Each structure stands twice: as structure tokens, then as C-alpha cells.
Enquirer: 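Right, I'll just put the structure down here and ask away after.
Whatever order the structure lists them in is the order used to number ligands and atoms, beginning at 1. Small disclaimer: the values here were computed from a predicted structure and weren't measured.
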Amino acid sequence: MFELNATHDPQRRSWLPSANASDTPFPIQNLPLGVFLRQGQRHVGVAIGQHIFDLTAAQHFHLFTGDAATALKSLASGQLNALMALPESFSSALREQLSGHLAVGASSQSMVSALSSTLLPELSQVEMCLPASIGDYTDFLTSEYHTERHGRFKGLKDPLPAAFKSLPIAYHGRASSIRVSGSPVVRPRGQFKDAAGATKFGPAQMMDFELELAVFVGQGNALSEPIALKDAQKHLFGYCLLNDWSAKSIQWWEQVLGPFLGKSFMSSISPWVVSSEALRPFRSKPQARGPKDPALLPYLSDPLDQSHGGLEIEVQAFIHSEKQRAEHLQAQRITTSHLKHLYWTFAQMLAHHSSNGCNMNPGDLMGSGTISGPTDDARACITEITEAGKKPLTLSSGERRTALEDGDQIILSAWAKKAGHVSIGFGDCVGTIHPSVGDTALDV
Ligand code: MN
């Protein structure tokens with residue numbers, strides 16, 4: 001399931017020079033899939049260096065055969081859902097043949113090169129779209145460090161919920177308000193308690209980001225037929241960054257059954273889907289369970305998941321306020337964390353999600369939850385960084401923050417890294433807070 005092949009070969013180089021730059025997130029070993037606009041039409045493509053290999057345009061040139069050609073045909077609708085619905089062998093065949101076309105020594109190089117204005121548009125020249133139609137979105141809560149800190153801020157006696165180490169906790173998110181990186185994030189209006197304890201309605205206070213990774217479900221399951229953990233990897237198509245924007249003032253007042261309007265106003269994802277196959281070299285043992293932790297129930301326990309269920313992925317968050325941008329200051333890094341801090345694996349999340357018979361569909365999205373680690377620099381939201389507003393964050397511009405302000409931009413990034421392998425990146429997930437819109441006459 002995690003075997004490496006020629007597409008992972010760290011020696012493989014592309015005849016496209018920008019794909020060989022040491023700092024590119026998109027070397028030939030990555031080949032993430034995304035959707036972009038070309039002359040007003042949605043095209044599916046693969047990021048390679050500073051270019052996109054346009055798979056939709058490639059339909060006309062007989063570059064792919066067999067299962068890869070079938071995979072290519074599945075992309076005709078301009079989104080990834082139909083490819084996600086096929087067994088992994090189809091996207092794997094497409095990856096293998098595309099890697100062959102882009103590698104140094106490819107027999108097709110002169111042809112692809114001659115067609116480069118059609119087949120290889122520049123990444124910086126196109127507008128990206130959501131990669132798939134997302135029917136359902138679920139966000140998990142799998143960092144005990146994030147969960148424990150939030151529990152403490154709320155004054156809970158037991159900051160970690162009783163079930164946290166027995167099952168991956170989640171809430172049902174809102175799929176309709178997921179937007180691609182770069183889309184404006186309009187501050188929501190909502191109900192919250194003000195500092196004096198009065199109930200108010202108006203522009204949300206305590207706006208926050210949450211640094212997360214998310215996975216797209218590939219092949220789904222029929223209603224009442226759970227996905228066993230040993231099979232779960234085959235159903236995980238690929239990964240992207242997720243910013244689970246949160247209006248914590250709304251959330252902390254409304255939340256009884258789970259997050260609602262404090263989260264559903266919008267979530268952002270990065271445009272490129274890094275395939276499970278591309279991440280095979282970065283598999284690792286997941287976080288070890290503590291000696292006092294409850295034993296895993298059989299449906300959440302699998303030898304392969306316990307040896308390879310983790311991922312060597314480093315994640316970072318940056319802030320770039322309006323003032324920092326105006327003063328030409330660089331975006332300021334505020335979080336560096338790692339997927340190793342998650343208590344549950346993505347395969348366990350999927351197995352648990354479907355364990356009651358809930359049916360998952362191709363293109364469904366599951367978020368990891370905020371990827372906070374144990375140390376201060378690995379706190380992955382403003383609420384944690386500022387200890388719920390008690391210790392303001394000082395920016396390079398001299399500004400102070402206890403929450404995000406209008407004009408603040410948040411940039412998330414992620415890199416899979418392991419010695420002996422070429423690092424692959426996810427590209428950025430960017431969002432800027434815009435002032436709230438609405439009927440101010442209703443604000444009280
Ligand atoms: Mn979240």
C-alpha cells in the first residue's frame with residue numbers, strides 16, 4: 001500500500017528547470033492535482049515547478065494510454081470527483097505516465113515542449129478554483145494540545161473531553177461555504193457576550209484562524225457499510241491545507257451541540273491536492289499512546305496504521321497585517337508545528353466516521369483539527385498564542401493582536417520532508433479578513 005515506485009525516485013529530475021529548484025513546492029515527485037480557469041472554463045491540471053500541466057488541454061494529444069487515458073477522461077467535467085471515485089490504480093497510472101512525460105530523457109519532451117503554450121501555462125497567470133465539488137465536510141479535533149489548552153481557557157476541570165483518547169472527536173462542518181485560497185474572508189456578524197456580560201449581535205469579536213490539514217475522500221462507501229481501518233487508506237485520495245476560520249466570540253456563546261455560526265461563515269483550502277501516493281515516502285509511525293491511555297478498540301486498531309499511519313509534514317502559519325504590508329515588512333511566522341502531534345491518524349478518522357454506517361462520498365472533506373503541538377511556538381491559532389487574549393501577540397509593525405483585525409492576512413503552508421527524499425510542498429492557503437457587511441441597524 002505504501003510501496004515506492006519510479007515517480008518517487010529522488011534522483012528523477014524534470015526537463016522543466018523550475019521543477020528542479022530546491023525551494024519549489026512542486027518538484028516532479030509531487031504532481032498535485034488542481035482546477036483552474038482558462039478562458040472562462042474549468043481545466044484540471046498538475047502543478048510542476050512554476051507551471052501547470054493542463055490535463056484538460058492534453059485530452060486532444062493522445063499522450064496517455066490505458067488506465068491513465070481513462071483517468072484523463074474522468075476529468076472532463078472540470079473537477080476531480082469522478083477521478084476520486086475510481087480505484088487508486090487509475091490516478092496512479094496517470095501519475096506514472098505524466099511523470100514519464102516530464103522527466104529528463106522523456107521521448108515525448110520535444111512534442112510537449114512544442115505545445116508548451118497549450119499544455120504548460122504559467123502557474124502565476126491562472127486563477128485557481130476549488131478542486132472538487134465538496135458534498136460534505138467534517139472537521140475533527142485530534143490535537144490533544146489544542147484541545148487541552150482550550151479546555152483550560154474555558155475553565156473546565158477536565159480540559160480534555162472524556163472521549164478524546166477513545167475516539168476521534170469531530171463536528172459536521174458546512175461544505176457550501178468552503179472557498180479556495182485567496183478568497184476574501186468577510187467578518188461575520190453574530191451573537192456573543194460582550195466584556196460586561198451583555199448579549200449582543202454585531203460584527204464578531206475574537207476572529208481566529210485554525211491551521212489544519214484536510215483529506216479528500218476518494219472512493220466512498222454504501223450506507224450502512226462501514227469502511228474497515230485496514231481498507232481506509234484506499235479511500236483517502238489526497239490532502240490540502242485548511243483554515244478553519246473561527247469567530248470564537250460566537251462559538252463560545254452558542255456552542256452546546258457543537259460549532260455552528262462561529263465556523264460556518266467560511267473555511268479556506270489550498271487549491272492543490274497532494275495525492276496519498278505522492279506522500280508515501282513521508283509515512284511515519286503515529287504519535288505513541290501514553291501508558292495510561294485507554295487501549296484502542298479493535299475497529300480503530302490496525303498494524304499497518306500503527307506503523308505507517310502518520311505523516312512527516314511540517315506546517316506553518318504567518319500573519320501579514322495591512323500595516324506590515326504597507327511598510328513592506330515580510331509576513332511574520334507565528335506557528336511552526338507538525339502532523340506528528342495529532343493523536344489520531346486520517347485513516348482512523350475515516351474508519352470512525354463510517355463506523356456507524358454513515359456513507360462517505362468522493363470529494364467529501366475531513367479536516368484534522370488545529371495542529372497544535374506541546375511547545376509555545378507550535379500553538380496553531382491566535383487564541384492559544386495569546387492565552388485567550390491575556391498575552392497579546394506583538395507584530396513586527398509594532399501592532400498588538402489578541403484576535404485578527406480587518407486587513408490581517410493569514411498564510412498557511414505545509415511541507416512533507418524526510419531525509420533521503422525530495423521535499424514536497426502544498427502551496428499556500430491565504431485569506432484576508434474584510435470588514436463585516438450587513439444591516440448595522442440590527443446590531444445591538
Ligand atoms: Mn477546526
Enquirer: Between Phe192 and Phe201 (judged by ring centroids, cut-off 6.0 Å), do the two rings come close enough to count as a pair?
Expert: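 No.
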
Enquirer: In Asp139, what N, O or S atom is nearest to the Mn ion (ligand 1), if we give its atom name?
Expert: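 Of all N, O or S atoms in Asp139, the Mn ion (ligand 1) lies closest to OD2.
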
Enquirer: Can you label the angle between the His338 ring and the His341 ring as parallel, tilted or perpendicular, going by 30° and 60°?
Expert: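 Perpendicular, since the angle between the ring planes exceeds 60°.
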
Enquirer: Quick one: the OD2 of Asp244, the Mn ion (ligand 1), OE2 of Glu212 angle, rounded to 10°, please.
Expert: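 Asp244 OD2 and Glu212 OE2 form an angle of 110° at the Mn ion (ligand 1).
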
Enquirer: So Phe164 and Tyr343, would you call those rings parallel, tilted or perpendicular, with 30° and 60° as cut-offs?
Expert: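 Rings of Phe164 and Tyr343: tilted, as their planes differ by 30° to 60°.
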
Enquirer: Tell me which N, O or S atom of Glu210 sits nearest to the Mn ion (ligand 1).
Expert: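 This residue's closest N, O or S atom turns out to be OE1.
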
Enquirer: What residue among Trp272, Phe426, Phe346 forms ring pair (Phe, Tyr, Trp, His ring centres under 6.0 Å) with Tyr239?
Expert: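 When ring pair (Phe, Tyr, Trp, His ring centres under 6.0 Å) is applied between Tyr239 and each of Trp272, Phe426, Phe346, only Phe346 qualifies.
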
